[in-house]
J.: 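I have a structure I would like to understand better, so I am pasting it below and will then ask my questions one at a time.
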Amino acid sequence: MKRFDGKVALVTGAARGLGRVTAQAFAREGAKVVAADIDEAGGQATASLIRDEGGDALFIRADVGTESDVAALIDKTVEAYGRLDCAVNNAGVVRFAPLVEETAAGFDFHLHTNLRGVFYCMKHEIRQMLKNGGGAIVNQSSITGSLTGNPGESAYAATKGGVDGLTKSAALEVAKHHISINAIAACGIDAPGDVFHQWMEKEKITPEAAGKLFPIGRMGKADELTAAVLFLCSEQARFIVGHLLVVDGGWIAR
Ligand SMILES: NC(=O)c1ccc[n+]([C@@H]2O[C@H](COP(=O)([O-])OP(=O)(O)OC[C@H]3O[C@@H](n4cnc5c(N)ncnc54)[C@H](O)[C@@H]3O)[C@@H](O)[C@H]2O)c1
């Protein structure tokens, strides 16, 4: 018997990076997985990778910042698998710009996916979870937001700080309905294609050199991130409400 047997898990931004490894981890633990993304080729590839390993997965194209897409995503999930038990709101974007050079369009670009996207997803996920008697939601936040700042990431940080606020308030609204809502603040996870890899490429820095920047002396492994996400989605974590769990190899503690 696997931990998520009989459960249905939705992961947004599942075409690559942290979303892909999270979708794969749910499937390995028995869940039926819906991988959602705007990147059709990457999302289909994630679903195929899961099916190749013997798992059950479906790709659904959805832009999380468009409410009609999110509503349709939840409807299609329920049509395909009958319910929704776990949702990981992972889709996120970042573009570096100093605040004085940031444009309204650049600010809205971050708001669209990172904050409005999490709002729409939680709204429609919670509605469905209330119908099926409970569930668990994990929002993929960041250490850059309410915990730290980072030069060139003002717009990104503003949206991630917003995610932390949304997480806590929404968690309190539904705690009595057997729906848990928490967030993860990750940094430096070794998941191919993720934003940290994009940063390493830009800086021409190897994973070994990047690892030395962390107090633990190495980058995080994908399964160290997914262990945290799946734990927060499990029955064992039901007493954890509105929490921001840091998974960063000691970056913040330093
Ligand atoms: N990688 C890290 O170290 C790290 C650190 C802190 C926070 N995060 C957060 O984790 C999440 C995943 O990060 P990642 O590094 O895997 O990023 P990534 O860029 O590799 O993947 C993000 C995915 O989201 C999808 N996406 C973008 N906009 C979308 C939209 N509007 N609707 C649906 N899908 C959309 C992309 O197509 C992509 O597949 C993000 O929210 C990011 O802010 C990552």
J.: Is any side-chain heavy atom of L49 less than 4.5 Å from a side-chain heavy atom of R20?
T.: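 L49 reaches R20 side chain to side chain.
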
J.: Just by distance, no angles: are the side chains of H124 and D75 close enough, under 3.5 Å, to form a donor-acceptor pair?
T.: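 Per modelled atom types, H124 and D75 side chains form no pair under 3.5 Å.
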
J.: For a side chain to side chain contact (heavy atoms under 4.5 Å, CB included) check, start with the C-alpha distance between L84 and I74, then their side-chain angles and the critical distance, and finish with the verdict.
T.: CA-CA 8 Å; L84 175 66; I74 304 303; 4.2 Å; yes

J.: If you link I, L, V, M, F, W and Y whenever their side-chain heavy atoms are under 4.5 Å apart, who else ends up in the same group as V93?
T.: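 When side chains under 4.5 Å apart are linked, the cluster holding V93 also contains F109.
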
J.: Among side-chain atoms of E125 and N89, is any donor-acceptor pair under 3.5 angstrom?
T.: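 The answer is yes; a qualifying pair exists.
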
J.: What are the two closest non-hydrogen atoms of V21 and A222, and how far apart are they?
T.: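 Closest heavy-atom pair between V21 and A222: CG1-CB, 3.9 Å.
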
J.: Could you grab the distance from atom CG of L166 to atom CZ of F119, nearest 0.5 Å is fine?
T.: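 It comes to 8.0 Å.
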
J.: Are the side chains of S180 and I137 in touch, meaning some heavy atoms are under 4.5 Å apart?
T.: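 Heavy-atom side-chain distance check fails, nothing below 4.5 Å.
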
J.: Could you check whether T12 and N90, counting side-chain N and O atoms only, form a donor-acceptor pair closer than 3.5 Å?
T.: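 Checked: N90/T12 side chains show no N/O donor-acceptor pair below 3.5 Å.
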
J.: Any non-hydrogen side-chain atom of K7 less than 4.5 Å from a side-chain atom of K2?
T.: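 In short, these two side chains do not touch, never coming nearer than 4.5 Å.
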
J.: Show me the side-chain donor-acceptor pairs of residues 99-107 shorter than 3.5 Å, one per line, residues at least two apart or across chains.
T.:
unit_1 : atom_1 : unit_2 : atom_2 : d
T103   : OG1    : G106   : N      : 2.8

J.: Mind checking side chain to side chain donor-acceptor pair (under 3.5 Å) for Q140 and listing every partner two or more places apart, or none if nothing turns up?
T.: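 If we apply the side chain to side chain donor-acceptor pair (under 3.5 Å) test to Q140, skipping adjacent residues, there are no hits.
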
J.: If you group Ile, Leu, Val, Met, Phe, Trp and Tyr by side-chain heavy-atom gaps below 4.5 Å, do F4 and I181 land in one group?
T.: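 No, because F4 and I181 fall into different hydrophobic clusters, even though each may have its own neighbours under 4.5 Å.
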
J.: Is the shortest side-chain heavy-atom distance between V88 and L18 below 4.5 Å?
T.: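 The answer is no; the side chains never approach within 4.5 Å.
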
J.: Tell me the closest heavy-atom pair linking A228 and I184, and the distance in Å.
T.: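 Taking A228 first and I184 second, the nearest heavy atoms are CB-CD1, 3.8 Å.
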
J.: Output yes when R238 and E235 qualify as a salt bridge under the 4.0 Å nitrogen-oxygen rule, no when they do not.
T.: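 Yes, charged N to carboxylate O under 4.0 Å.
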
J.: Looking only at heavy atoms, what is the nearest atom pair of G242 and K168, with distance?
T.: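 G242 and K168 have their closest heavy atoms at O-NZ, 3.2 Å.
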
J.: Using the rule given for side chain to side chain contact (heavy atoms under 4.5 Å, CB included), can you reason through F59 versus T46, listing the C-alpha separation, both sets of side-chain angles and the distance that settles it, and then say yes or no?
T.: CA-CA 8 Å; F59 166 70; T46 299; over 6 Å; no

J.: Is V8 reachable from V138 through a run of I, L, V, M, F, W or Y residues, each pair having side-chain heavy atoms under 4.5 Å apart?
T.: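 No, separate clusters.
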
J.: Could you tell me whether the side chains of D63 and T66 share a donor-acceptor contact shorter than 3.5 Å?
T.: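 On atom types as modelled, these side chains qualify, holding a pair under 3.5 Å.
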
J.: Shared ILVMFWY cluster between M129 and V34, side chains joined below 4.5 angstrom?
T.: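 Linked, M129 and V34 end up in one cluster.
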
J.: Quick one: NE2 on H197 to CD1 on I189, what's the gap to the nearest 0.5 Å?
T.: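 That separation rounds to 10.5 Å.
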
J.: If I take atom CG from residue L130 and atom CD1 from residue I179, how far apart are they, to the nearest 0.5 angstrom?
T.: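 One gets 4.0 Å once the value is rounded to the nearest 0.5 Å.
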
J.: Between atom NZ of K160 and atom CD of E153, what is the distance when rounded to the nearest 0.5 Å?
T.: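 Between atom NZ of K160 and atom CD of E153 there are 10.5 Å.
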
J.: Minimum heavy-atom separation for V33 and A23, please, with both atom names.
T.: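 Minimum heavy-atom contact is CG2-O, 3.6 Å.
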
J.: Could you go step by step and tell me if E67 and K123 meet the side chain to side chain contact (heavy atoms under 4.5 Å, CB included) rule?
T.: CA-CA 10 Å; E67 187 165 15; K123 176 176 167 184; 2.7 Å; yes

J.: What is the distance from atom SG of C121 to atom CG of L73, rounded to the nearest 0.5 Å?
T.: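 Here the rounded value is 6.5 Å.
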
J.: Give a yes or no on whether the backbone of C187 and the side-chain of D248 come within a donor-acceptor separation of less than 3.5 Å.
T.: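 No: the side chain of D248 does not pair with the backbone of C187.
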
J.: Using the side chain to side chain donor-acceptor pair (under 3.5 Å) rule, collect all pairs that involve residues 206-223, keeping only residues at least two apart or in two chains.
T.: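 Found R218-E224.
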
J.: Answer yes or no: does atom CD of E203 have more than 12 heavy-atom neighbours from other residues, nucleotides or ligands under 6.0 Å?
T.: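 Atom CD in E203 is crowded, with more than 12 foreign heavy atoms closer than 6.0 Å.
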
J.: F214: what forms a ring-ring contact (aromatic ring centres under 6.0 Å, His included) with it, not counting sequence neighbours?
T.: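 Only F196, W251 meet the ring-ring contact (aromatic ring centres under 6.0 Å, His included) criterion with F214.
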
J.: Could you check whether any side-chain heavy atom of D37 comes within less than 4.5 Å of a side-chain heavy atom of R61, counting everything from C-beta outward?
T.: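 Heavy-atom side-chain distance check fails, nothing below 4.5 Å.
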
J.: Report the residue from V246, I240, V241 that forms a side chain to side chain contact (heavy atoms under 4.5 Å, CB included) with H243.
T.: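 Exactly one pass, corresponding to I240.
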
J.: Calculate, to the nearest 0.5 Å, the distance between atoms OH and OG1 belonging to Y156 and T113 respectively.
T.: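 The OH atom of Y156 sits 11.5 Å away from the OG1 atom of T113.
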
J.: For N182 and N139, what are the C-alpha separation, side-chain angles and deciding distance, and is it a side chain to side chain contact (heavy atoms under 4.5 Å, CB included)?
T.: CA-CA 6 Å; N182 294 288; N139 295 323; over 6 Å; no

J.: Would you please say whether a donor-acceptor pair under 3.5 Å links the side chains of Y81 and D56?
T.: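 Y81 vs D56: donor-acceptor pair found between side chains.
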
J.: Do you know which two heavy atoms are closest between M219 and G188, and how far apart they sit?
T.: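 Residues M219 and G188, closest heavy atoms: CB-O, 3.4 Å.
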
J.: Mind checking what makes salt bridge (charged side-chain N to carboxylate O under 4.0 Å, His left out) contact with D190, not counting sequence neighbours?
T.: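 If we apply the salt bridge (charged side-chain N to carboxylate O under 4.0 Å, His left out) test to D190, skipping adjacent residues, there are no hits.
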
J.: Closest approach of A155 and H110, non-hydrogen atoms and distance?
T.: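 That closest heavy-atom pairing would be CB-ND1, 3.5 Å.
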
J.: Tell me if the CZ atom of R51 is crowded by more than 12 foreign heavy atoms within 6.0 Å.
T.: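 Atom CZ in R51 is crowded, with more than 12 foreign heavy atoms closer than 6.0 Å.
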
J.: If you group Ile, Leu, Val, Met, Phe, Trp and Tyr by side-chain heavy-atom gaps below 4.5 Å, do L225 and I252 land in one group?
T.: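 As far as the 4.5 Å side-chain criterion goes, I252 and L225 are not connected within one cluster.
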
J.: Consider only side-chain heavy atoms of I, L, V, M, F, W and Y, link residues closer than 4.5 Å, and tell whether L111 and M122 are in one cluster.
T.: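 L111 clusters together with M122.
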
J.: Is there side-chain contact between S146 and L244, with heavy atoms separated by less than 4.5 Å?
T.: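 In contact.
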
